[in-house]
Every structure is written in C-alpha cells, then in structure tokens.
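Take a look at the structure set out below.
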Amino acid sequence: MVTIDIEDILSKFQIPKGNYQIIKEDELDESEFIFIIEEQTSKKQYLLSSTYYHPGIKEESNFYKQHGYEVKNPIQRLTGTLEVATDKDDSFYKFLYISHTLFEL
C-alpha cells in the first residue's frame, strides 16, 4: 500500500477543517490506490485517490462508481494552492493535486 500525508493533501482541497482519518484503503488496479476518509465528528466521508490515471473528472467519477463507490461531487482545490492562477478555470486541474483527487461520498 502507498503511504500518504493525509493532512497535507486534504489541506489543498475545499473541505471543512476537521479530524480526518483513513477508514478504508483499496487498490483498484496497479498504482490505483483509493482511501475512504472520514471526518470523525460529522462522519462525512470522502474518496481520496492516489493515481496517475486521470482521464477527466467525469470519467474518473464513473470509474469509481463502476468499482462500487458511490461518489457524488468532486472537491475543488483551494485556489491559493494552484501553481498557475489560470488553472482555476481549467475543468481538470482545479480538482487535481499532484496525483490526488477527492470526491464526496
């Protein structure tokens, strides 16, 4: 399994501050790791991916649905974390941080 710094990664996305923990890990394919993250107070859950396969946000969402995960909305990155200011207008880069995307469950 892959090791991640969950606090650092989540700090790049537009989600409420909280105490997040990984409650499930899965490897869907070679180098396709996902983590189910839960905020301990609200019990709100997210799917965090760690992969180099990013065909686009809609396609990626459908991929996780095909593997049994009921993803809802993709979570955008915080604008201040974008390397290039114009990335906020790109339908893909505003959701991608290095090799990670985040979806609400």
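Bear in mind the structure is a predicted one, so any value in this text is a computation, not a measurement. Start at 1 with the first residue, then count along the sequence.
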Co-membership, hydrophobic cluster, residues I34 and Y52, 4.5 Å side-chain: no
Check: R77 main-chain N/O paired with Q14 side-chain donor or acceptor under 3.5 Å: yes
Atom pair CD (E39) and CG (L10), whose distance is rounded to the nearest 0.5 Å: 10.5 Å
Within 6.0 angstrom of K17 NZ, more than 12 heavy atoms from elsewhere: no
F103 and Y64: CA distance, side-chain angles, deciding distance, ring pair (Phe, Tyr, Trp, His ring centres under 6.0 Å) verdict: CA-CA 10 Å; F103 295 87; Y64 298 125; 5.7 Å; yes
Y20 and K44: side chain donor to acceptor below 3.5 Å: no
Side chain to side chain, L48 and I9, heavy atoms closer than 4.5 Å: yes
Cluster link L78 to Y97, ILVMFWY, side chain under 4.5 Å: no
Exercise: do S49 and T101 side chains pair donor with acceptor under 3.5 Å: yes
Distance in Å, I6 CD1 paired with H100 NE2, rounded so as to fall on 0.5 Å steps: 10.5 Å
Nearest heavy-atom neighbours spanning P55 and E60: CG-N, 4.0 Å
Distance in Å, K24 NZ paired with Q45 CD, rounded so as to fall on 0.5 Å steps: 10.0 Å
CD on E27 to OG1 on T51, rounded to 0.5 Å: 10.0 Å
Atom CD of E59 with >12 non-hydrogen neighbours under 6.0 angstrom: yes
Test item: F63 and E32 side chains (from C-beta on) under 4.5 Å apart, heavy atoms: yes
Atom of V71, atom of K65 and distance for their closest heavy-atom approach: O-CE, 3.2 Å
Min side-chain heavy-atom separation L105-I36 under 4.5 Å: yes
Smallest separation among heavy atoms of E104 and Y46, with atom names: CA-CD2, 3.8 Å
I22 to E25 - nearest heavy-atom pair and separation: CG2-CG, 3.7 Å
Q21 versus E38, side-chain donor and acceptor atoms under 3.5 Å: no
Heavy-atom side-chain proximity of L102 to L47 below 4.5 angstrom: no
Beyond-backbone contact of L28 with F33, side-chain heavy atoms, under 4.5 angstrom: no
